[in-house]
Amino acid sequence: MGFIADALARVKPSATIAVTNKARELKAAGRDVIGLGAGEPDFDTPENIKAAAIKAITEGKTKYTAVDGIPELKDAIVAKFKRENGLTYTPAQVTVGTGGKQVLYNALMATVNPGDEVIIPTPYWVSYPDMVELAGGTPVIVEADKSTFKITAEALEAAITPKTKWFIFNSPSNPSGAAYSHAELKALTDVLVKHPHVWVMSDDMYEHLTYDGFKFATPAEVEPTLYDRTLTVNGVSKAYAMTGWRIGYAAGPVSLIKAMATIQSQSTSNPSSIAQYAAVEALNGPQDFIPKNNEIFKARRDLVVSMLNQAKGLVCPVPEGAFYVFPSCAGTIGKTAPSGKVIETDEDFVTELLETEGVAVVHGSAFGLGPNFRISYATSTEALEEACMRIQRFCGNLK
């Protein structure tokens with residue numbers, strides 16, 4: 001028996017953070033590295049939100065708050081769900097955590113017993129399976145279609161057992177950018193209606209980042225009968241360029257929200273008081289910069305998809321949302337890199353790409369679906385053009 005808990009043997013450090021760190025080390029060593037690993041907007045937090053935080057500091061709003069959120073922020077969240085999703089909640093049904101990640105973690109910790117199964121579609125955000133494992137549950141992975149990155153109703157149905165506790169749903173998706181239309185989502189909720197013991201954890205973090213007139217929908221909105229067993233999770237990180245502020249939130253049944261507050265009261269207590277007041281302004285203030293940012297994201301998406309599809313051996317579908325593309329590198333497997341290494345996996349591909357061309361991306365198998373890799377296009381157009389040229393060159397030089 002080692003000193004470290006057995007649970008840690010089941011958990012991997014975050015692959016996206018590992019890639020970002022490796023790129024940082026190479027940069028520090030003087031290498032010219034373009035990092036496309038991190039999932040955060042390169043836009044600055046809007047001025048009105050910064051001003052609200054500064055005001056909170058000068059007014060001395062720097063003390064402990066209620067464990068799972070100040071009343072003003074819960075009210076703003078209630079208003080947001082009503083206004084944007086047609087969902088009616090009370091403040092008692094709302095929880096605020098230190099980022100969406102903590103909210104998801106609290107929910108799993110508060111509900112999962114050993115042997116409980118949690119259905120997770122591929123490609124998944126890296127933390128879902130590991131959080132389920134830490135909570136003592138069993139991740140049940142459902143393969144998505146390799147070209148749309150979406151699961152079918154049949155695949156969902158086949159994964160449900162008497163032990164299933166949760167279905168984790170993420171649309172628009174990290175890492176693929178795939179988003180489910182109202183009709184596609186309805187097919188999944190029709191399955192869930194038939195299985196009253198299965199709860200839905202909907203991670204809507206990328207709700208506001210959609211393109212080409214795509215209309216976002218969330219499970220409890222599409223199928224109101226699921227309302228009493230759905231946790232609708234969101235946050236200010238992506239839409240408001242507030243990743244470092246660490247504010248996520250969710251709404252759901254009071255019993256679950258209370259249990260999550262208990263977990264939070266014994267782990268981190270309240271999220272930063274200052275960040276909470278900033279989040280009030282984010283949700284209640286002007287929203288007009290979001291479509292402007294999306295125009296820029298869409299142009300970058302189109303550039304990256306086009307350039308990657310011109311690279312030898314890569315195939316890149318057009319995503320509906322978020323700021324990621326998830327190209328397949330199946331056409332490069334078996335070829336030899338300039339270093340002499342034969343590329344056998346997507347991990348080999350991204351390692352060789354970083355060493356040879358100084359472009360940092362994340363291997364798709366970290367998200368449960370390969371041979372692919374994830375690029376975040378939340379960086380300058382110049383950097384993206386240069387990175388894609390390097391990727392084209394790298395693919396062209398494979399023997």
Side-chain angles (χ1 to χ4, degrees), residues 12 14-23 26 31 33-39 121-126 141 143-151 172-178 300-379 383-399:
K12 306 171 293 303
S14 163
T16 49
I17 292 171
V19 166
T20 308
N21 288 345
K22 173 96 204 246
L26 285 172
R31 287 282 303 275
V33 175
I34 303 174
L36 303 178
T122 61
Y124 46 72
W125 180 50
V126 290
I141 307 303
E143 288 283 327
D145 179 282
K146 276 187 179 270
S147 55
T148 64
F149 306 123
K150 296 174 196 177
I151 62 162
S173 150
N174 174 4
S176 71
R300 291 172 178 176
R301 178 201 68 174
D302 294 346
L303 167 81
V304 170
V305 168
S306 158
M307 288 186 77
L308 290 176
N309 279 322
Q310 292 166 50
K312 236 171 114 178
L314 301 187
V315 177
C316 185
V318 182
E320 292 91 345
F323 37 65
Y324 308 107
V325 290
F326 200 63
S328 165
C329 55
T332 67
I333 303 294
K335 292 186 176 175
T336 306
S339 69
K341 169 114 178 79
V342 176
I343 293 175
E344 290 169 26
T345 63
D346 49 22
E347 197 160 358
D348 292 342
F349 180 92
V350 304
T351 304
E352 290 299 313
L353 176 63
L354 181 56
E355 295 293 344
T356 311
E357 291 287 356
V359 176
V361 300
V362 190
H363 54 288
S365 46
F367 306 98
L369 191 71
N372 291 63
F373 59 95
R374 186 190 81 171
I375 283 180
S376 164
Y377 54 83
T379 189
L384 290 170
E385 271 188 23
E386 173 63 27
C388 289
M389 274 167 53
R390 294 181 187 186
I391 292 169
Q392 288 177 349
R393 182 168 63 204
F394 175 74
C395 291
N397 288 335
L398 296 175
K399 299 279 186 298

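The structure presented is a predicted model; accordingly, all values stated were derived computationally and were not measured.
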Between the main-chain N or O of C329 and the side-chain N or O of T332, is there a donor-acceptor pair closer than 3.5 Å? yes
Sidechain-backbone polar pair: N174 side chain, W125 backbone, donor-acceptor under 3.5 Å: no
What do the steps show when you test I141 against Y124 for side chain to side chain contact (heavy atoms under 4.5 Å, CB included), and what is the final call? CA-CA 9 Å; I141 307 303; Y124 46 72; 3.8 Å; yes
Can a donor-acceptor pair be found, under 3.5 Å and without considering hydrogens, that links the side chain of R390 to the backbone of E357? yes
Give, for atom CG of L303 and atom SG of C388, the distance between the pair rounded to the nearest 0.5 Å. 6.0 Å
Minimum heavy-atom separation for A144 to I151, with atom names? CA-CG2, 3.8 Å
Which atoms form the tightest heavy-atom contact between S173 and P123, and what is the distance? OG-O, 4.1 Å
Between V305 and P319, is any pair of side-chain heavy atoms under 4.5 Å apart? yes
Distance-only side-chain donor-acceptor flag, S365 / E347, under 3.5 Å: no
Can you tell me how far the CD1 atom of I343 sits from the NZ atom of K399, to the nearest 0.5 Å? 11.5 Å
Do the side chain of S376 and the main chain of A38 share a donor and acceptor less than 3.5 angstrom apart? yes
Find the distance between OG1 (T356) and CG (N397) and round it off to the nearest 0.5 Å. 9.0 Å
Would you say that V126 contacts V362 through its side chain, given a criterion of any heavy-atom pair below 4.5 Å between the two side chains? no
Roughly how far, to the nearest 0.5 Å, is the CZ atom of F326 from the CG atom of L308? 13.0 Å
Look only at the side chain of R301 and the backbone of Y377, and say whether a donor-acceptor pair between them is shorter than 3.5 Å. no
Would you call the rings of F349 and F373 parallel, tilted or perpendicular, where under 30° means parallel and over 60° means perpendicular? parallel
Check: C316 main-chain N/O paired with N309 side-chain donor or acceptor under 3.5 Å: yes
Between the main-chain N or O of M307 and the side-chain N or O of Q392, is there a donor-acceptor pair closer than 3.5 Å? yes
Check I34 against A383 and note the closest heavy-atom contact, atom names and distance. CD1-O, 3.8 Å
Grab the two heavy atoms, one from D348 and one from V342, that are nearest each other, plus how far apart they are. OD2-O, 3.8 Å
On a heavy-atom basis, the closest approach of P317 and V315 is CD-O, 3.7 Å
To check you understand the geometry: which heavy-atom pair defines the closest contact between D346 and P371, and what is its length? OD2-CA, 3.4 Å
Rounded distance [0.5 Å steps], OH in Y324 versus CZ in F149: 14.5 Å
Do T379 and L384 come close enough that some side-chain heavy atom pair is under 4.5 Å? yes
Taking the side chain as every heavy atom from C-beta outward, state whether E143 and L369 have any atom pair closer than 4.5 Å. yes
Measure the spacing between CG of L353 and CG of L36 and express it to the nearest 0.5 Å. 9.0 Å
Could you tell me whether E320 and K150 make a salt bridge, using a distance below 4.0 angstrom between a side-chain N and a carboxylate O? yes
K312 atom NZ, neighbour heavy-atom count above 12 within 6.0 Å: no
Sequence neighbours excluded, which residues qualify as side-chain hydrogen bond (donor to acceptor under 3.5 Å, both in side chains) partners of R31? none
Is there side-chain contact between V19 and V350, with heavy atoms separated by less than 4.5 Å? no
